[in-house]
Amino acid sequence: MDVINRLIRDGSLTKEEYVELLGYAGDIGAVKLLKEEAVRLRRKYYGDDVYLRGLIEFTNYCRNNCYYCGIRGENAKAQRYRLAKDEILSCCAEGHRLGFRTFVLQGGEDPYYTDDRMEEIVHAIKTAYPNCALTLSIGERTYESYQRFRLAGADRYLLRHETANEEHYRRLHPSSMSLTVRKRCLYDLKALGYQVGAGFMVGSPGQTKETLAEDLVFLKELNPEMVGIGPFIPHHDTVFADEPAGSVDLTLFLLSVVRILLPKVLLPATTALGTLDENGREKGLLAGANVVMPNLSPVGKRKQYELYDNKICTGEEAAEGLEELKRRIEAAGCRAVSARGDYCKSS
Ligand code: SAH
């Protein structure tokens with residue numbers, strides 16, 4: 001247990017020590033200790049507040065072919081859709097009415113949304129809702145594109161690094177994609193003053209204690225404002241259709257570890273976690289998470305944004321079930337707040 005005390009004391013470990021730490025993922029005493037420290041830190045910086053983000057999945061067209069993802073370009077069975085600017089603005093209007101003060105525009109890498117079109121959408125949202133934060137999650141772009149969106153008013157950007165190990169990255173992606181480019185994007189986004197989110201799936205094919213240790217080393221080095229961690233869940237029309245899903249318990253363990261590594265991080269209890277476990281999101285909050293991202297996409301389109309099988313999207317995790325979601329957040333000892341929920345700057 002020495003390594004756990006060292007993590008709590010120093011807030012970081014070496015790669016070898018993370019590997020050792022991961023050996024405690026099934027140890028009840030260790031899990032409890034890490035959870036308690038994670039919750040202590042979350043409360044220190046954010047009190048009991050849990051921030052809500054309205055997730056708008058605005059396109060499922062994608063030029064990439066990530067092997068794990070249900071909306072990868074080569075999946076001919078995916079029913080494609082994209083939302084027009086006005087439809088996106090309607091989602092924001094509904095979200096604003098419900099109390100959301102952050103909108104997250106997420107999509108596949110869809111060439112239809114050129115820099116000009118994206119800039120127009122960002123500008124329209126920020127003009128209509130100047131007191132709201134806008135997060136983009138639309139994959140890899142050039143420095144110049146990211147700069148244009150930032151100048152148009154985008155505040156945050158989510159781009160999971162997926163894995164910090166080269167070989168593992170190649171196992172998950174075709175050769176047209178590279179970890180070097182992914183990392184460059186993250187550093188570009190940081191340099192442009194975005195609040196940046198990295199992250200990875202837990203239990204993706206080929207993941208080991210060593211690759212996870214490298215993820216933790218990378219996260220500490222990048223020092224992102226947000227980290228998205230959720231279990232891998234197979235999708236029936238992908239290369240990984242027959243691979244097992246990731247572990248909920250290991251995901252919770254890693255949420256606690258990330259909270260300790262990056263105490264002020266904005267850490268979502270993800271939809272994937274809620275998909276694998278009915279109480280996954282509450283468990284995530286109790287492990288140190290402080291963000292939930294209910295679905296604000298048009299109800300008729302939600303099933304089509306199918307990253308993995310059985311994705312929850314119409315129950316209490318979605319915007320319509322907000323009252324029930326708030327009740328669940330309270331049951332986890334927290335409080336859903338209507339605020340932008342920016343990264344905490346105080347020490
Ligand atoms: N195109 C954007 C958004 C990707 S979807 C981008 O490149 O960032 C958001 C995240 O969903 C991905 O980063 C990935 O980590 C996760 N995801 C994709 N397929 C998944 C699966 N089968 N199981 C769990 N998470 C998945």
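In each ligand, atom 1 is the first atom listed, and ligand 1 is the first ligand listed.
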Under 4.0 Å from a heavy atom of [X]: which atoms of ligand 1 are those, numbered in the order shown and with their elements?
X	value
Arg160	13 (O), 14 (C), 15 (O), 16 (C)
Cys69	19 (N)
Pro231	24 (C)
Leu159	8 (O)

Quiz item: What do the steps show when you test Lys301 against Glu57 for salt bridge (Lys or Arg N to Asp or Glu O under 4.0 Å), and what is the final call?
Solution: CA-CA 9 Å; Lys301 301 288 195 292; Glu57 299 153 336; over 6 Å; no
Self-check item: Test item, His235 contacting ligand 1 (heavy atom, 4.0 angstrom)
Solution: no
Practice problem: Answer with yes or no whether the hydrophobic clustering places Phe253 together with Met1; edges join I, L, V, M, F, W, Y residues whose side-chain heavy atoms lie under 4.5 Å apart. | Solution: yes
Practice problem: Assess whether side-chain contact (heavy atoms from CB on, under 4.5 Å) is satisfied between Arg170 and Glu166, documenting all intermediate values. | Solution: CA-CA 6 Å; Arg170 285 195 294 275; Glu166 288 279 358; 3.7 Å; yes
Quiz prompt | N or O pair under 3.5 Å between Tyr308 and ligand 1 | solution = no
Quiz item: Among protein heavy atoms, which lies nearest atom 22 (N) of ligand 1, and at what distance?
Solution: Ile233 O, 2.7 Å
Exercise. Measure the distance from atom 9 (C) of ligand 1 to every protein heavy atom, then report the residue, atom name and distance (to 0.1 Å) of the closest one.
Key: Gln106 NE2, 3.6 Å
Quiz item: Heavy atoms, side chains only, cut-off 4.5 Å: are Glu324 and Arg327 in contact?
Solution: yes
Quiz item: Less than 4.5 Å apart, any side-chain heavy atom of Leu172 and any of Tyr68?
Solution: yes
Practice problem: May I ask you to check whether Tyr81 and Tyr61 place their ring centers less than 6.0 Å from one another? | Solution: no
Exercise. Under the side-chain contact (heavy atoms from CB on, under 4.5 Å) rule, what do Glu214 and Tyr18 come out as? Steps first, then yes or no, please.
Key: CA-CA 8 Å; Glu214 289 177 47; Tyr18 285 125; over 6 Å; no
Quiz item: Between Asn165 and Glu167, is there a donor-acceptor pair closer than 3.5 Å when you use the side chain of the first and the backbone of the second?
Solution: yes
Out of [options], indicate the one that has the non-hydrogen atom closest to [atom].
atom	options	result
atom 7 (O) of ligand 1	Arg63, Glu162, Met177, Arg182	Arg182
atom 26 (C) of ligand 1	Glu57, Lys311, Glu243, Met201	Met201
atom 1 (N) of ligand 1	Gly107, Ser204, Gly228	Gly107

